[in-house]
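The structure appears right after this line, and notes come after that.
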Amino acid sequence: MAVTFNLNGKSTTVDVAADTPLLWILRDTLNYKGTKFGCGVGQCGACTVHVNGAAIRSCQRLASTLDGVDVKTVEGLSTDGTHALQQAWEELDVPQCGYCQAGQLMSAAALLERNANPTDRDIDNAMNGNICRCATYIRIRAGIKRAAEIKRGTVTPSNPGGRPEDTSDGSPRRLLEPSR
Amino acid sequence: MTTTIRPTKKKGLHRRDFFRVSALAGGGMLIATYIPELEGKLSGLSGRARADFMPNAFIKITPEGVITIVSKNPEIGQGIKTHLPMIIADELDVDWKDVHIEQADFNPEAYGSQGAGGSTATPINWTPLRQAGAVGRAMMITAAAQTWSVPEPECTTGHGAVMHASSNRRMTYGQLANKAATLTGPAANTVKLKDPKDYHIIGTRVPGVDNHKIVTGQPLFGIDFTMPGMLCAVIEKCAVFGGKVVSANLDEIKREPGVKHAFVIEPGPVARDGLLSSVAILADTWWQANSARKKLKVQWDEGPMVTHSSAGYEAKSVELSQQPAQRNLRKDGDFEAALAGASNKVEAAYFYPFLSHAPLEPQNTTALFKDGKVELWSATQQPNGGRGLVTRTLGIENSDVTIHIMRAGGGFGRRLTNDYMVEAAAIAKMVPGTPVKLIWTREDDIQHDFYRPAGWHYFSGGVDAAGKVVAWRDHFVSFGEGNGFSNSASIGATEFPARFIRNYMLDASVMPSDVPMGAMRAPGSNGIAFAVQGYIDELAHAAGKDPVQFRRDLLSQWQADPPAPAAEGGRGGRGGGRGGGPQFDAARMRGVLDLAAEKANWGKTTLPQGTGMGVAFHFSHRGHFAEVVQATVTKAGTVTVDKVWMAGDIGSQIVNLSHAENQAQGGVIEGVSHALGQEITIDKGRVVQTNFNNYPLLRMRQSFPVETHFLKTDNDPTGLGEPMLPPVIPALCNAIHAATGKRVRTLPLSKNDLKWG
Ligand code: FES
Ligand code: FES
């Protein structure tokens, strides 16, 4: 079937079987590889994108339901990595393997859209559907808080590519002291 | 931050290196290091063309000043693509922002070993890569000194340039590249290395070099690779390990939308991770192939494993524990007599289950078979093993195989086995000239892993009236046959507390199983530490002693000489690990134990009922780690980890502070994830679990703060991929005991009734 939807602001038409998940339309039909396949059953969140502004699991969203919707993927967060979350992620060096991070960013972006100053509990609730197998949760939490600051304009992001900070005692500076 | 400097310098994996410098086509300089494992080949090659030499790392500097560093090892999330080039760049004395990093293809003839496993990259590469950078810097100084006709000692370097202060002259490395390329480099082992206090990149926080691509969603991982005309493939194997295809409805499948090919794959010649009897379906898109798979009907010959089950293994373990052990691995003193004289005796049986690695990126490989050669794009931890598997299975030569190392969405040991790579190669061979991308489902991944072996420890031992451990026996029940353990299912004769208890016995019995087993992050240690450090806590309790003090006493009560390395079945890189390096060192362990206790305010905090602290330590992969967990258990038995304090000793230098912290926190949280609810069970010869709904990984809501502290000691830097993980599991279980009085002897925690009050 032919389906037309907006992908990162561009009208896009694909001709696929009605039961094709949005995830595979993005990855295989449209060659948008930012959205990741992790479980295929709505459990891991690696495939998270926005549909009409809400973070959803694209592996569970079928072609037959996409006509006329707005889809935003990680490629659409910004064209150049300037979304506050992308800046925060680079600044705090959040990723390990990085595979989950597109989904993490999309869930976090939807959270920040509706909540400019999320608490730990808000973060727990919004992010619980996104597994990070490398367990970068501490930095994801810090990254969301940092992005919220950047978005609110209360701080300016530092340059992650700049001269690395010197430390002398061999003790990694803790990026944050998350409270529960 | 505590810094302890210990006087004894432990020589680790120092290697003598050879460097070659040659002019780049178009100008510039290229430096290659040669590692000693190649020495024999090098001498054997005397008189042959230089092109036959085998470098293991490259620095490229063009006259335009473009500095490129090739990163040779697979990046699986351990940060190596940033870490190894940092070491080179620092000694080369260039600014990190000026360096370009390139991922090497698999080419051991050019780069030497290229793998990700055993936390070995730092100990293996620390010295050679510093030398590689330092040789480059020395040659730049020579080039400048000759250009200016000044003595070399008057020249200094910085920011990718050479300076001569008294004449106020400066030339960049780019400007000097052509000149430097005509020089002969100094021998690597004579070149002066930086004083660590002068490091400007090593020991700082450097973000991952691929971060920008990751956050902007650019194609990067193996699964993202694509090329024109490519087909997508799925593969169906028998759910029962070792089962074989009898027949399949291939004609029907071939009529499904988008399906181009469907065929049966015959088993390959390699036993362990080789090709299995299976059915492959190839279609234009992965979803089409996977949709067709849902209509696939295969008649299987399930084979003999169908009688195997976790329950059966458990029963067999109990039976073996009640019989004399099949063999003794270590015997010090007289265990029986000492036990008879002990004032308090403790018997305890510990069990940990099979685990699946479940890296978040499902297994995949793209393969193109053409003119008898195969080209592969694969996220693998061990491309060398993959190549061997592919050549043996396809009947081709090493020179017929090209492997592009793709970034991996997690490794954890899973991608040390290359079963998915050989599958892609075998499928591609059936459709010569057509590129094929094979992608597994999550269910394929969880049901066809090389599992962390389950294990049982039947302990008996005792303490004397003074609370000292006088007798210890561990009857370890595991998988294997005869005198061999299954992969990663072994225990070593130096495993702590061996050498620290005078009357000590380590016995082992094994049962056979064809469940595939393999190395998983901190193999062996990730189960053994749970059992050993839990049982130590039980003895501390029996002795009426504080668990930290009891461990201090244990570390100082007696120490036998380290014996000759005992026979260890399987692989695992536990203990001193492959390639030598430090062994268990009581003083280093005492150092991290004290540090963890200090940071956690051990014994000085009043905790509410239902909240407790637990401690444990473990040595693996050359690293000494102690951890304290604070956990809260509700009356209904729900466990929350409040916080973890980690103290680690991996030598004199942390290379990348940012990634070290990230790795350490991730490894600790992963350990808790194992403990909370992860378990693979076998029933009728197949895996019961299917996906993350029944194989739960720890999520954001369960995450907790992890304080990471590193104790700097005067030892060579060692790896950080694994050793932080094992101690957190027993520390958590010991915290649960402190909180509830309930002792956890079986993992995962979800199998324990932890209700209290
Ligand atoms: S792939 Fe969609 S939730 Fe995991
Ligand atoms: S960074 Fe590896 S899964 Fe999250």
Side-chain angles (χ1 to χ4, degrees), chain A residues 17 19-21 24 28-29 31 33-41 43-44 46 73-75 81 86 89-90 93 95-102 105 123-124 127-128 130-131 133-141 160-167 169-175 177-178 180, chain B residues 1 3 76-77 96-97 201 203-208 210-212 214-219 221 223-224 226 232 257 285-287 358-362 408-410 441-442 654 657-662 665-666 669-670 673 691-693 697-701 703-710 712:
Chain A
D19 70 345
T20 309
W24 295 103
D28 280 1
T29 312
N31 202 26
K33 297 289 200 256
T35 307
K36 298 295 193 253
F37 167 53
C39 69
V41 296
Q43 282 283 327
C44 76
T73 67
V74 67
E75 292 93 339
Q86 292 170 319
W89 250 236
E90 287 200 56
D93 189 23
Q96 285 188 34
C97 83
Y99 194 76
C100 71
Q101 300 294 347
L105 286 164
I123 292 173
D124 282 347
M127 305 303 293
N128 212 51
N130 289 80
I131 289 174
R133 170 65 179 87
C134 304
T136 62
Y137 296 115
I138 292 172
R139 288 193 179 183
I140 291 170
R141 188 185 296 279
R163 189 165 189 279
E165 176 192 334
D166 285 323
T167 57
D169 67 355
S171 164
R173 174 178 57 89
R174 287 201 313 284
L175 286 158
E177 198 81 70
R180 293 190 59 87
Chain B
M1 179 68 217
T3 300
I76 59 171
W96 183 250
K97 66 175 169 48
I201 300 172
T204 66
R205 307 179 71 85
V206 177
D210 283 336
N211 280 356
H212 188 73
I214 289 168
V215 302
T216 52
Q218 296 172 50
F221 297 89
I223 202 169
D224 298 337
T226 189
C232 292
T285 68
W286 188 83
W287 183 252
L360 200 58
E361 179 191 12
T441 62
R442 176 58 53 194
I654 309 288
L657 296 184
S658 176
H659 216 86
E661 179 190 66
N662 209 349
Q665 292 176 328
I669 296 174
E670 173 177 350
S673 182
N691 207 314
F692 296 129
N693 53 326
L697 303 189
L698 187 145
R699 292 172 180 273
M700 178 62 90
R701 201 174 281 145
S703 70
F704 46 85
V706 182
E707 266 191 33
T708 58
H709 300 279
F710 290 98
K712 261 196 197 176

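Numbered from 1 within each chain, the chains take letters A, B, ... in sequence-line order.
Both the backbone and the side chain of B:Phe692 come within less than 4.5 Å of a heavy atom of chain A. Both the backbone and the side chain of A:Ile131 come within contact range of chain B, judged by heavy atoms closer than 4.5 Å. Proximity to chain B (any heavy atom under 4.5 Å) is restricted, for A:Asn130, to the backbone atoms N, CA, C and O. With a 4.5 angstrom heavy-atom cutoff, B:Pro257 does not touch chain A via any of its atoms.
Most heavy-atom pairs under 4.5 Å with chain A: of the set B:Ile76, B:Ile223, B:Ile669, this distinction falls to B:Ile223. Among A:Thr73, A:Ile140, A:Asp19, the residue with the largest count of heavy-atom pairs under 4.5 Å with chain B is A:Asp19. When the candidates B:Gln218, B:Glu361, B:Glu670 are compared by the number of heavy-atom contacts under 4.5 Å with chain A, B:Glu361 comes out ahead. Taking A:Val74, A:Thr136, A:Asn128 one by one and counting their heavy-atom pairs under 4.5 Å with chain B, the maximum is reached by A:Asn128. Interface check for chain A: of the options B:Asn662, B:Asn693, B:Asp210, B:Val215, the most heavy-atom pairs under 4.5 Å are formed by B:Asn662. For the set A:Ala17, A:Ala46, A:Pro95, the entry with the most heavy-atom pairs within less than 4.5 Å of chain B is A:Pro95. Per-residue heavy-atom pair counts under 4.5 Å with chain A were compared for B:Leu360, B:Thr216, B:Thr226, and the maximum is reached by B:Leu360. The greatest number of non-hydrogen atom pairs below 4.5 Å with chain B, out of A:Lys36, A:Lys33, A:Met127, is found for A:Lys33.
The shortest side-chain heavy-atom distance between B:His659 and A:Gln96 falls under the 4.5 Å cut-off. Contact annotation: the side chain of A:Leu105 approaches that of A:Trp89 to within less than 4.5 Å [non-hydrogen atoms, C-beta and beyond]. Taking the side chain as every heavy atom from C-beta outward, B:Ser658 and A:Arg139 approach each other to under 4.5 Å. You'll find the side chain of A:Tyr99 reaches within 4.5 Å of the side chain of B:Pro362, heavy atoms only.
Taking SG of A:Cys134 as the start and CD of B:Gln665 as the end, the distance is 13.0 Å to the nearest 0.5 Å. Put simply, CG on B:Leu698 and CZ on A:Arg133 are 11.0 Å apart, with the number rounded to the nearest 0.5 Å. Here the CZ atom belonging to B:Phe710 is positioned 8.5 Å from the CG atom belonging to B:Leu657, to the nearest 0.5 angstrom.
Note on ring orientation: taking the six-membered ring where Trp is involved, the planes of B:Trp286 and A:Phe37 are tilted (angle from 30° to 60°).
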